[in-house]
K.L.:
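Okay, here's the structure, questions in a sec.
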2 protein chains.
Amino acid sequence: MPTCDVNLVDSEKVQKVRTAIADTDTLFRMAELFKAFGDPNRVKIIWALATEELCVCDLSSVVGMTPSAASHQLRSLRNLKLVKFRRAGQMVYYSLDDKHIEMLLAQGLEHVQEDRR
Amino acid sequence: MPTCDVNLVDSEKVQKVRTAIADTDTLFRMAELFKAFGDPNRVKIIWALATEELCVCDLSSVVGMTPSAASHQLRSLRNLKLVKFRRAGQMVYYSLDDKHIEMLLAQGLEHVQEDRR
DNA sequence: AAGATATATGAACATATGCACATATATTCA
DNA sequence: TGAATATATGTGCATATGTTCATATATCTT
């Protein structure tokens with residue numbers, strides 16, 4: 001891997017930062033979590049479920065996706081344990097799994113709104 | 001677009017959720033913000049810069065990328081106004097642009113760690 | 001000015017992602 | 001049991017993404 005010829009500019013800083021950063025697995029999991037929020041439709045889904053528990057049918061209607069597409073996304077969110085669900089007859093009701101999720105959503109919104117100056 | 005035959009299961013809820021969700025543009029911007037965190041290497045970059053201001057050379061060393069790859073990623077982060085930079089001679093020093101970014105990072109970490117029960 | 005070094009950028013390529021479509025599964029109701 | 005409905009899943013495709021490699025730009029040094 002090419003590096004700067006001066007191997008490091010400030011190796012003390014580099015060492016400090018190296019120890020500050022989380023392990024690879026944690027970084028990977030964090031990236032995966034954020035990736036879940038990295039699509040407008042999924043943000044919409046998450047927001048919707050933060051507002052109200054919804055069945056797949058109503059959810060798809062709200063976010064404007066086919067039930068199939070919504071279901072696919074819900075699967076990812078389920079795998080990441082971001083949403084939980086309960087079956088009620090033929091319907092399956094989804095909701096957020098965790099208060100953290102709402103906080104992340106709120107943080108994101110805040111940043112975006114503040115940035116629009 | 002196919003929908004459930006029963007047009008809506010609970011149209012009152014649907015209406016409520018519809019009005020609760022942000023406009024398309026906001027959703028899009030939020031997704032873009034989160035997408036920036038949606039890659040392990042970028043999380044690493046952001047974390048590194050949250051710890052210490054770094055030149056591209058030292059940053060690439062910390063995150064284990066080529067300076068070129070790091071520079072590409074820094075450009076995206078710059079476009080999203082997540083990082084700022086100052087030139088010092090041949091070197092360019094990057095740092096986080098905003099406290100929100102660190103908070104998002106912290107929130108993400110917290111979720112991931114709590115989840116590892 | 002010329003060479004050296006740090007950073008940036010463009011293009012190409014491999015991989016990942018999100019959706020549509022077809023089909024499967026599960027539940028209800030007749 | 002069989003038809004109807006809600007949800008889930010597999011596959012294929014178009015597009016997005018991240019990296020590498022080549023090259024450009026900027027700054028310093030001599």
Side-chain angles (χ1 to χ4, degrees), chain A residues 1-10 14 27-28 31-32 34-46 49 53-80 83-95, chain B residues 1-10 14 27-28 31-32 34-46 49 53-80 83-95:
Chain A
M1 185 188 66
T3 60
C4 310
D5 285 6
V6 183
N7 252 331
L8 295 171
V9 175
D10 185 338
V14 167
L27 291 169
F28 189 82
E32 265 203 333
F34 284 117
K35 212 180 293 183
F37 289 79
D39 172 83
N41 276 340
R42 272 196 308 270
V43 174
K44 213 167 174 179
I45 289 176
I46 292 168
L49 298 182
E53 184 196 52
L54 288 169
C55 66
V56 177
C57 173
D58 284 355
L59 179 63
S60 354
S61 162
V62 166
V63 303
M65 311 173 69
T66 64
S68 169
S71 191
H72 272 292
Q73 296 296 6
L74 286 167
R75 173 160 60 158
S76 323
L77 297 175
R78 234 164 46 211
N79 288 339
L80 288 167
V83 301
K84 57 177 186 255
F85 60 100
R86 65 180 176 88
R87 179 141 222 150
Q90 340 178 37
M91 265 117 66
V92 176
Y93 284 92
Y94 281 85
S95 54
Chain B
M1 185 186 68
T3 60
C4 310
D5 285 5
V6 183
N7 252 329
L8 294 172
V9 175
D10 184 338
V14 167
L27 291 169
F28 189 82
E32 265 203 333
F34 285 118
K35 211 180 294 182
F37 289 79
D39 171 83
N41 276 340
R42 272 197 307 271
V43 175
K44 213 168 175 180
I45 289 175
I46 292 168
L49 298 181
E53 185 197 53
L54 288 169
C55 66
V56 177
C57 173
D58 285 355
L59 179 63
S60 354
S61 162
V62 166
V63 303
M65 311 172 71
T66 64
S68 170
S71 191
H72 274 293
Q73 296 296 8
L74 286 168
R75 174 160 61 159
S76 323
L77 297 175
R78 234 163 46 212
N79 288 339
L80 288 166
V83 301
K84 57 178 185 250
F85 60 100
R86 66 181 175 88
R87 179 142 223 150
Q90 339 178 38
M91 264 117 68
V92 176
Y93 285 92
Y94 282 85
S95 54

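Since the structure is predicted, the reported quantities are computational estimates derived from the model, not experimental observations. The chains referred to below are lettered A, B, ... by the order of the sequence lines, with proteins before strands, and numbering in each begins at 1.
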K.L.:
Of A:Gln90 and B:Tyr93, whose nearest nucleotide on DNA chain C comes first from the 5' end?
P.N.:
B:Tyr93

K.L.:
Hey, is B:His72 doing a stacking thing with D:dT19, by the 5.5 Å centroid and 30° angle criteria?
P.N.:
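Here B:His72 fails the 5.5 Å or the 30° condition.
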
K.L.:
For the side chain of A:Arg75, starting at C-beta, report the closest nucleotide among D:dC28, D:dT19, D:dG10.
P.N.:
D:dG10

K.L.:
If I take atom NZ from residue B:Lys35 and atom CG from residue B:Leu80, how far apart are they, to the nearest 0.5 angstrom?
P.N.:
9.5 Å

K.L.:
On DNA chain C, nearest-nucleotide positions of A:Ser76 versus A:Ala88: which is more 5'?
P.N.:
A:Ser76

K.L.:
Taking the six-membered ring for Trp, are B:Phe37 and A:Phe34 parallel (under 30°), tilted (30 to 60°) or perpendicular (over 60°)?
P.N.:
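Geometry flag for A:Phe34 against B:Phe37: tilted rings.
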
K.L.:
Can you tell me which nucleotide in D:dT9, C:dT17, D:dT7 comes closest to the side chain of A:Lys35?
P.N.:
C:dT17

K.L.:
Could you report the tightest heavy-atom contact between A:Ala70 and A:Met65, atom names first, then the distance?
P.N.:
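Result for this residue pair: N-CE, 4.1 Å.
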
K.L.:
What is the separation between atom CG on B:Asn79 and atom C1' on D:dA16, rounded to the nearest whole Å?
P.N.:
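Taking atom C1' of D:dA16 as the reference, CG of B:Asn79 is at 16 Å.
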
K.L.:
In whole angstrom, what separates A:Ile45's CD1 from D:dT7's P?
P.N.:
13 Å

K.L.:
Does a nitrogen or oxygen in the side chain of B:Arg42 sit under 4.0 Å from OP1 or OP2 of D:dT19?
P.N.:
no

K.L.:
So does A:Ser68 reach the base of C:dC21 with its side chain, donor to acceptor, closer than 3.5 Å?
P.N.:
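Result: at least one qualifying N/O pair found.
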
K.L.:
Rounded off to whole Å, could you give me the CZ-to-P distance for the B:Arg86 and C:dA8 pair?
P.N.:
14 Å

K.L.:
Is there a side-chain contact between A:Tyr94 and the phosphate of D:dA8, meaning an N or O under 4.0 Å from OP1 or OP2?
P.N.:
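It does, given that an N or O in the side chain of A:Tyr94 lies less than 4.0 Å from OP1 or OP2 of D:dA8.
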
K.L.:
Are B:Gln73 and D:dT17 close enough that a side-chain N or O sits under 4.0 Å from OP1 or OP2?
P.N.:
no

K.L.:
Go through D:dG10, D:dT17, D:dG18 for me and flag the one nearest to the B:Asp39 side chain.
P.N.:
D:dG18

K.L.:
Starting at CD of A:Gln73, measure out to CD1 of A:Ile46 and round the result to the nearest 0.5 Å.
P.N.:
9.5 Å

K.L.:
Rounded to the Å, how far apart are B:Leu27 CG and C:dG18 P?
P.N.:
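So the two atoms are 15 Å apart, to the nearest Å.
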
K.L.:
Output the rounded distance in Å from CG (A:Leu77) to C1' (D:dT9).
P.N.:
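After rounding, the reported distance stands at 16 Å.
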
K.L.:
From C-beta outward on A:Arg87, which listed nucleotide comes closest to its side chain: C:dT9, D:dA8, C:dA26?
P.N.:
C:dA26

K.L.:
To the side chain of A:Val56, which of D:dC28, D:dT7, C:dT7 is closest?
P.N.:
D:dT7

K.L.:
Phosphate oxygens OP1/OP2 of D:dG18: is one of them under 4.0 Å from a side-chain N or O of B:Asn41?
P.N.:
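Checking B:Asn41 against D:dG18: no side-chain N or O falls below 4.0 Å of OP1 or OP2.
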
K.L.:
Can you find a side chain N or O atom of B:Ser71 that sits less than 4.0 Å from OP1 or OP2 on C:dT7?
P.N.:
no

K.L.:
Quickly work out the A:Lys44 NZ to C:dC19 P distance and round it to whole Å.
P.N.:
11 Å

K.L.:
Applying side chain to side chain contact (heavy atoms under 4.5 Å, CB included) between B:Tyr94 and each of B:Ile45, B:Leu54, B:Val56, B:Leu77, report the one that passes.
P.N.:
B:Val56

K.L.:
Please determine if A:Arg87 forms a cation-pi arrangement with A:Tyr93, meaning its NZ or CZ atom is less than 6.0 Å from the six-membered ring centre and no more than 45° off the ring axis.
P.N.:
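A:Arg87 over A:Tyr93 ring: no.
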
K.L.:
CG of B:Leu59 versus C1' of C:dA8: gap in Å, rounded?
P.N.:
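My rounded result for the distance is 14 Å.
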
K.L.:
Between A:Leu74 (CG) and C:dG18 (C1'), how many Å, whole number?
P.N.:
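Result: 14 Å.
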
